[in-house]
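All residue numbers in this chain count up from 1 along the given sequence.
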Amino acid sequence: MKELNLQVFAEATLPENTITPDMNWETEAFINTAPGETTAVWASMSAFTKNMAQALNEVLYQATYWKDKGWGSTEVTGAQMTLTLTGDVKTGDSACDYIMGDDVLYGIGNARKTHLKLTKGDKTIIWPVTLANITPAYGDSGTVNALTVTIHGNGKPSIGTVTA
């Protein structure tokens, strides 16, 4: 009788795990609650934020050249970042209190200008911004007070890395 090594057949080849996609919570947004000062006072917006959507609102130049026989080309010639945050009003949270404060909520012009900082890992983006469309939802008496704010970038951001 022939002897077989069954251990060779007992264990299958280990399959590779899939690559984990980026998690939204890995990006954190901070707002400067002291925009008139020389040093920023950063307050995290993560405690009240449930959804964050960014758009670059690109400016496009489109042209059709003779050599392309009617097929067009596009150049991105400009952009403005907007970041829309939705969440819940949380009185006592410094970022939420800043946005919902009378000076900002009912203010115009410079009252709505501050800075936004986005961080993910060691990458940091800091933007001069204008807060727009600040909308406390109120609504049904049995629900929480929702909040939406659209943050508009003013000019080019500063992009860098944090070193430990």
Side-chain angles (χ1 to χ4, degrees), residues 15-62 73-164:
E16 286 189 36
N17 274 313
T18 58
I19 296 172
T20 301
D22 285 356
M23 299 294 181
N24 287 334
W25 52 262
E26 292 176 320
T27 300
E28 189 170 1
F30 298 84
I31 191 164
N32 179 7
T33 60
E37 304 299 320
T38 55
T39 302
V41 176
W42 297 111
S44 173
M45 292 190 278
S46 63
F48 73 85
T49 300
K50 297 191 300 187
N51 187 291
M52 196 164 46
Q54 179 178 317
L56 285 180
N57 299 317
E58 296 171 333
V59 177
L60 305 177
Y61 171 76
Q62 295 178 304
S73 297
T74 301
E75 295 293 333
V76 177
T77 60
Q80 182 194 33
M81 182 279 305
T82 60
L83 183 70
T84 301
L85 302 179
T86 57
D88 297 324
V89 174
K90 291 194 174 178
T91 303
D93 176 80
S94 58
C96 192
D97 287 349
Y98 172 77
I99 293 167
M100 292 294 294
D102 290 345
D103 291 344
V104 175
L105 181 61
Y106 300 112
I108 57 174
N110 280 334
R112 291 289 189 94
K113 291 188 177 181
T114 188
H115 299 89
L116 171 74
K117 178 168 69 170
L118 295 174
T119 63
K120 181 176 180 188
D122 65 352
K123 185 176 181 181
T124 300
I125 301 172
I126 298 176
W127 237 300
V129 296
T130 298
L131 304 177
N133 304 318
I134 301 170
T135 311
Y138 304 113
D140 187 86
S141 65
T143 62
V144 299
N145 187 4
L147 174 63
T148 301
V149 59
T150 305
I151 302 169
H152 292 252
N154 294 325
K156 185 178 179 180
S158 172
I159 301 173
T161 55
V162 176
T163 55

#### Entry: Check: Met100 and Pro136 side chains under 4.5 Å, non-hydrogen atoms
yes

### Message
Between Asp93 and Met45 (side chain of the first, backbone of the second, donor and acceptor by atom type, cut-off under 3.5 Å), is there such a pair?
### Response
no

### Query
Do Thr161 and Asp122 have side-chain atoms, one donor and one acceptor, less than 3.5 Å apart?
no

### Message
Tell me if a side-chain donor or acceptor on Thr135 pairs with a main-chain N or O of Asn133 at a distance below 3.5 Å.
### Response
yes

#### Entry: Within 45° cone and under 6.0 Å: Lys117 NZ/CZ vs Phe30 ring
yes

### Message
In the structure I gave you, are the side-chain heavy atoms of Thr49 and Trp25 within less than 4.5 Å of one another anywhere?
### Response
no

### Message
Within the structure provided, determine whether Ile151 and Thr82 are in side-chain contact (heavy-atom separation under 4.5 Å).
### Response
no

### Task
Keeping the roles fixed (side chain from Asn57, backbone from Met81), state whether a donor-acceptor pair exists under 3.5 Å.
no

### Message
Taking the side chain as everything from C-beta on, heavy atoms only, tell me whether Tyr61 gets closer than 4.5 Å to Val76.
### Response
no

### Query
Is a side-chain donor or acceptor of Thr114 paired with a backbone partner of Asn32 at a separation under 3.5 angstrom?
yes

### Message
Contact between Ile31 and Ile99 at the side-chain level, heavy atoms closer than 4.5 Å - yes or no?
### Response
yes

### Message
Does atom CD (Glu26) have a neighbourhood of more than 12 heavy atoms from anything else shown, all under 6.0 Å?
### Response
yes

### Task
State, with a plain yes or no, whether a side-chain heavy atom of Glu28 is found less than 4.5 Å away from one of Lys120.
no

### Query
Do side-chain atoms of Gln80 reach the backbone of Gly153 as a donor and acceptor pair under 3.5 angstrom?
yes

### Task
Compare every heavy atom of Pro35 with every heavy atom of Tyr98, then report the nearest pair and how far apart it is.
OH-CG, 3.4 Å

### Message
More than 12 heavy atoms of other residues, nucleotides or ligands under 6.0 Å from CG of Asn24: yes or no?
### Response
no

### Task
Measure the CG-CG distance between Leu131 and Leu105 for me, rounded to the nearest 0.5 Å.
10.5 Å

### Query
Hey, are the side chains of Leu85 and Thr148 touching, using non-hydrogen atoms and a 4.5 Å cut-off?
no

### Query
Would you call His115 and Trp42 a side-chain contact if the rule is heavy atoms closer than 4.5 Å?
yes

#### Entry: Test item: Lys50 side-chain N/O and Asp88 main-chain N/O as donor-acceptor pair under 3.5 Å
no

